[in-house]
Protein chains: 2
Amino acid sequence: MVPMQNNLDVKFTNFIQNIFLLPDDVLEDVIMHFQHLEHPKNHILLQQGKTCKHLWFMTKGAARYFYTNEEGKEMNTWFSLDTQVIADTTSLVSQEPSEENIQFLEDSEMYSIEYSVLQSLLQKHHSFALWYIKLIEQHYVAQIEDRIADLQFLNATERYQKLLSLYPEITNRISLGNISSYLNITQETLSRIRAGKF
Amino acid sequence: MVPMQNNLDVKFTNFIQNIFLLPDDVLEDVIMHFQHLEHPKNHILLQQGKTCKHLWFMTKGAARYFYTNEEGKEMNTWFSLDTQVIADTTSLVSQEPSEENIQFLEDSEMYSIEYSVLQSLLQKHHSFALWYIKLIEQHYVAQIEDRIADLQFLNATERYQKLLSLYPEITNRISLGNISSYLNITQETLSRIRAGKF
DNA sequence: AACCTTTTTTGATGTATATCAAAAGAAAAA
DNA sequence: TTTTTCTTTTGATATACATCAAAAAAGGTT
C-alpha cells in the first residue's frame, strides 16, 4: 500500500496517468494495490522456469532480460532503462513458466502489482481495462514490432547505431558484453564496430 | 451488417467467442458491426503509407505482410494463414501511416470492423474491452515474442523447420520466394536447405 | 601504489549465408 | 505441342560476422 506524498510517487502516478487518464476514484483504487520495491544491482527479479506473477513499473534503474542457452551462454533479449514496464509478457498473460530471466543491472526502484490483483481490477473497473489496453498497445506491441524489424533488416553496425540513438547514455550504464548479446553479435564484433573497423 | 445463419458466420462467431466469452447482447452488438468481405489473390488490403483503419478477421485464405526497401526489394515480415487476425498493429493502434503492405496470396474471406467503431464498442461494453485485451495478448504479444526469439537464436535451417512444423502445408500454398523472404534468407539458400545441403 | 579481477581490444582464421550467373523445371499462354 | 514466363536449383565466389587466443586497459581491493 502506497502513501501518495513524496516525489517518487508523483513520478509513478504520472506514469500511470500518461498511459490513459483514469477517474480519481479508480486511480486511487488502482494505486493502493501497488507495492513500492527496491532491488540492488544483480538481483534476479524473475527466474527462467518460474511463472511471472507480477507486473512491475520501474521508476529508476536498469534491467536485462536473458535466457541461458544449451551451451550455458547467457543471451540478452531485452533491456529496460529508467521509466519502463517490466514483465515477461508471455509468461504473465499465459501464467505459464517463463523461458527467460529478468535481472537488474543497477540498483533499481519500482512498483509492483500481482497478476491476480491486476485481473480483478480489470474486472472491476471498465476504465482500468481501457487503460490496460493502452498499456499493452504502447509498451508491448509498438516496441516489439520495432525490434523484429531491426533484427530482420539491419546489420550489426546499424543495430548498434539505432540502440545508441535511442539510449545515448547506454554505454556508460551497461557493459559491452551485455549490449552485444542484445544486439545478437559477439563482444569482439561490437568492439570492432565501435573502433570503426567495419 | 451480418446475418448469422450460414456456416461461415458460425465459424466467425466461434472465433470471436473462443477469444473470450461475451454476453449474448454484447456479442450481438459487436457482430452486427462487422462486415463480410471477400478479396481475390494478389489484392492489396493495406498499402505502405496508408493508415490502417480496420481490423480484419480472416476466416479463409492466406496473406503476407511486406515492405519494399530502398533497393526496391520486397521483404516479407509476416504470414497469416486461414483463421487469423489481420492488421498492421502499429499503424492501427497509433492511427499513423503504415510502413508495410498487406496482400492476399490466395482468394480470401474475412470480416472487418472499422477502427472508430471498434473504439466506441470498447467504450460501450466493459466485457468487450476484456475481450480485446485477450485478443491482443493471444494474437499479438505471444506470436510476436516468439518471432523475435526465432530471428535472434535460430539459424536459417532451424527457422525453416520451425515454420514447417507450424504450417506443414505452407510449401503447397506459398512460393519459395515468399517463404525465404519471411525467413530472412535468400531463395537460393532456402532451396539448398530443402535439398539437405547444410 | 601494487595486485587482482573484469572488461575491452586486437589478430588470425573459420563458417553461415549472400551475391551473381546460369541452367533446369514447372506453369501458363499461344 | 510449342513458346513464353515464372519458379526453383546448382555452382563459383564474396562477405559479414563468429570463434579462438591473447594482449591491453580499466576498475576494485588490500
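Among residues at least two apart or in separate chains, there is no salt bridge (Lys or Arg N to Asp or Glu O under 4.0 Å) pair with a member in residues 83-101 of chain A. Identified under the salt bridge (Lys or Arg N to Asp or Glu O under 4.0 Å) test for residues 163-185 of chain A, with sequence neighbours left out: Asp82(A)-Arg173(A), Glu106(A)-Arg173(A), Glu169(A)-Arg173(A). Residue pairs meeting the side chain to side chain donor-acceptor pair (under 3.5 Å) criterion with at least one partner in residues 18-31 of chain A, sequence neighbours excluded, are Asp29(A)-Lys124(A), Asp29(A)-His125(A). Here salt bridge (Lys or Arg N to Asp or Glu O under 4.0 Å) pairs that include residues 128-149 of chain A, with residues two or more places apart or in two chains, are Lys134(A)-Glu137(A), Asp146(A)-Lys162(A).
With sequence neighbours excluded, no residue satisfies salt bridge (Lys or Arg N to Asp or Glu O under 4.0 Å) with Glu114(B). Listed by chain and number, the residues in a salt bridge (Lys or Arg N to Asp or Glu O under 4.0 Å) with Arg194(B) amount to none (sequence neighbours excluded). Not counting sequence neighbours, Lys41(B) has no partner by the salt bridge (Lys or Arg N to Asp or Glu O under 4.0 Å) test. Checked against salt bridge (Lys or Arg N to Asp or Glu O under 4.0 Å), Glu158(A) has no partners two or more places apart in sequence or in another chain.
Although no hydrogens or angles enter the test, the distance criterion places no donor-acceptor pair under 3.5 Å between the side chain of Ser191(A) and the main chain of Gln187(A).
The hydrophobic cluster around Met75(A) extends to Tyr67(A), Phe153(B), counting ILVMFWY residues whose side-chain heavy atoms fall within less than 4.5 Å of a member.
When rounded to the nearest whole Å, the span between CG of Leu190(A) and P of dA16(D) equals 17 Å. Computed from coordinates, the Lys41(B) NZ to dC6(D) P distance equals 13 Å when rounded to whole Å.
Within the helix from dA1(C)-dT30(D) to dA30(C)-dT1(D), the inter-axis angle between the opening and closing five-pair segments is 40°, rounded to 10°.
A heavy-atom distance below 4.0 Å to DNA chain D is reached by these residues of residues 148-184 of chain B, ordered by number: Ser175(B), Leu176(B), Gly177(B).
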Pairs under 3.5 angstrom, nitrogen or oxygen only, protein versus nucleotides 10-12 of chain C, please.
unit_1  : atom_1 : unit_2    : atom_2 : d
dT10(C) : OP2    : Lys197(A) : NZ     : 2.7
dT10(C) : O5'    : Lys197(A) : NZ     : 3.2
dG11(C) : N7     : Arg192(A) : NH1    : 2.8
dG11(C) : O6     : Arg192(A) : NH2    : 3.1

